[in-house]
Student: 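To start, I am sharing the structure in question, which I have written as structure tokens.
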Amino acid sequence: MTFQDLGIIDPILKALRAQGYEQPTPIQQQAIPKLLKGKDLLGCAQTGTGKTAAFSIPILQQMHLDQDWDRRRREIKCLIVAPTRELAIQIDESISAYGQFLDLRNTVIFGGVKQGAQTRALKKGIDILTATPGRLLDLMGQGYISLKHVQFAVLDEADHMLDMGFIHDIKKVVKQLPAKRQSLFFSATMSPEILKLSSGILGHPERITIKPEQATADRVEQNVYFVTKNDKRKLLVHLLKENEVDSALVFSRTKHGANRIAKQLDKAGFNAAAIHGNKSQGARQKSLQQFKDGSLKVLVATDIAARGIDVDELSYVVNFDLPNVPETYVHRIGRTGRADASGIALSFCDTEERAYLKDIQKLIGQQIPVVKEHPFPDDGTTEAPREQSRQRSGNGGNNRNSRNNNNRRRRS
Ligand code: AMP
């Protein structure tokens, strides 16, 4: 099946080709036709299944084809609520990509940063808004956002919303939505509480269930190393040498971290490069090509930059930093162990990341074996003071700021 078979219009097909998508994923095959008919949807699916495209493509298409609204007014027609800033940013970036040839404007708002750039974007007029619940209510309260014209409402990762205590915020938002709308509700799990919440939002929804990506986690050999932040780079060099690694994709949480790792690997004699949002498209493409043809052995990437990287025979994925969103872990390790190939995923975990490890193990339903025999073990009582103070003085926040700046740049 192709996207064309699903009745997707040319400007979106062109955008999907630009993303390198050849075929719709199972959730896209199931959801797109239903959503194009205007049905409500209750989707049991995790991030990593192609869920974002499954809901955003039909919404973009319907908005583009709808002749009944004045495009100059730019009132919010589509509201997407997601529990975390990372997910909200990812969704907004996907919408920018899929809608790049349409005359629709989108932005993302989330808490933890000053609101100025966000309110400026809103004042210019926005068709599609992705938001975390707290900042959404805050800016609604301040009069920057009206939901009066919303025709499409999406609640993503509803189970996380509940876990994070957002239920009252969600109910407040839903009360402000017009009665006549198409509603979509996604959750990785369907507890009675979730179903109750969904029934207050959806009309008579179509229901789809996509098996979680656990299969991926089962196929990949996984190990975790307890190590201090300071020792991670030395451990990486050691493991790459010891295992005579042919090709490894190393994930770093921050762009600066990615640069530092690549530099260190270069010094140690590995052919390595970093790709992230601060690199030009050309530089990213070049590194990716070299990685694919084998001339570059190690690619260090941030999650956003690594989206869409598809390399056959990738033998190792290294989680230099553990992701705080557990689905991201499944997503990352799914880069290796494609199809029948079995891959190896190594994760470095410092003291601060132990909570992330717990969440990951809960999601994949397995304990990741701990490798104790390595030259830089951390028993959990030591944390390198030098690195910590450096982080506090600004480095740790860099990613946050630069992401925010990216956002501003994209919107302006
Ligand atoms: P999501 O579940 O929305 O986070 O998507 C997971 C990943 O799959 C993202 O990196 C998307 O860019 C990618 N993706 C989504 N749909 C497709 C597709 N039809 N073909 C290839 N990659 C896709």
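All figures in this text were calculated on a predicted structure; none of them were measured in a lab. Just the heavy atoms: all of them, side chains too, but no hydrogens, waters or symmetry mates, feed the values below. Indexing begins at 1, ligand by ligand and atom by atom, following the structure's order.
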Student: Report the part of Q19 (side chain from C-beta onward, or backbone N, CA, C, O) that has a heavy atom under 4.0 Å from ligand 1; answer both or neither where that applies.
Tutor: neither
Student: Is a side-chain donor-acceptor pair under 3.5 Å present for Q115 with R135?
Tutor: no
Student: Which of the atoms of ligand 1 are close to T52, meaning less than 4.0 Å from one of its heavy atoms?
Tutor: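 Close to T52: 1 (P), 3 (O), 4 (O).
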Student: So is A53 polar-close to ligand 1, meaning N/O to N/O under 3.5 Å?
Tutor: no
Student: Could you list the atoms of ligand 1 found under 4.0 angstrom from a heavy atom of Q23?
Tutor: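 Here the atoms of ligand 1 in question are 18 (C), 19 (N), 20 (N).
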Student: When the aromatic ring centroids of F251 and F320 are compared, is their separation below 6.0 Å?
Tutor: no
Student: Side chains of N259 and H276: do they bring a donor and an acceptor to under 3.5 Å?
Tutor: yes
Student: Could you say whether the N/O atoms of Q90 and ligand 1 ever approach to under 3.5 Å?
Tutor: no
Student: Provide the number and element of each atom of ligand 1 under 4.0 Å from a heavy atom of F3.
Tutor: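 In order of number, 19 (N).
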Student: Any atoms of ligand 1 less than 4.0 Å from a non-hydrogen atom of K51? List them with their elements.
Tutor: 1 (P), 2 (O), 3 (O)
Student: Heavy-atom distance to atom 23 (C) of ligand 1: which of Y21, F55, Y98 wins?
Tutor: Y21
Student: When the ring planes of F376 and H238 are compared, do they come out parallel, tilted or perpendicular, using 30° and 60° as the limits?
Tutor: perpendicular
Student: Main chain of K51, side chain of Q28: is a donor-acceptor contact present, judged purely on distance under 3.5 Å?
Tutor: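 No, because the side chain of Q28 does not come within donor-acceptor range (under 3.5 Å) of the backbone of K51.
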Student: Counting only heavy atoms not in Q100, do more than 12 sit closer than 6.0 Å to its CD atom?
Tutor: yes
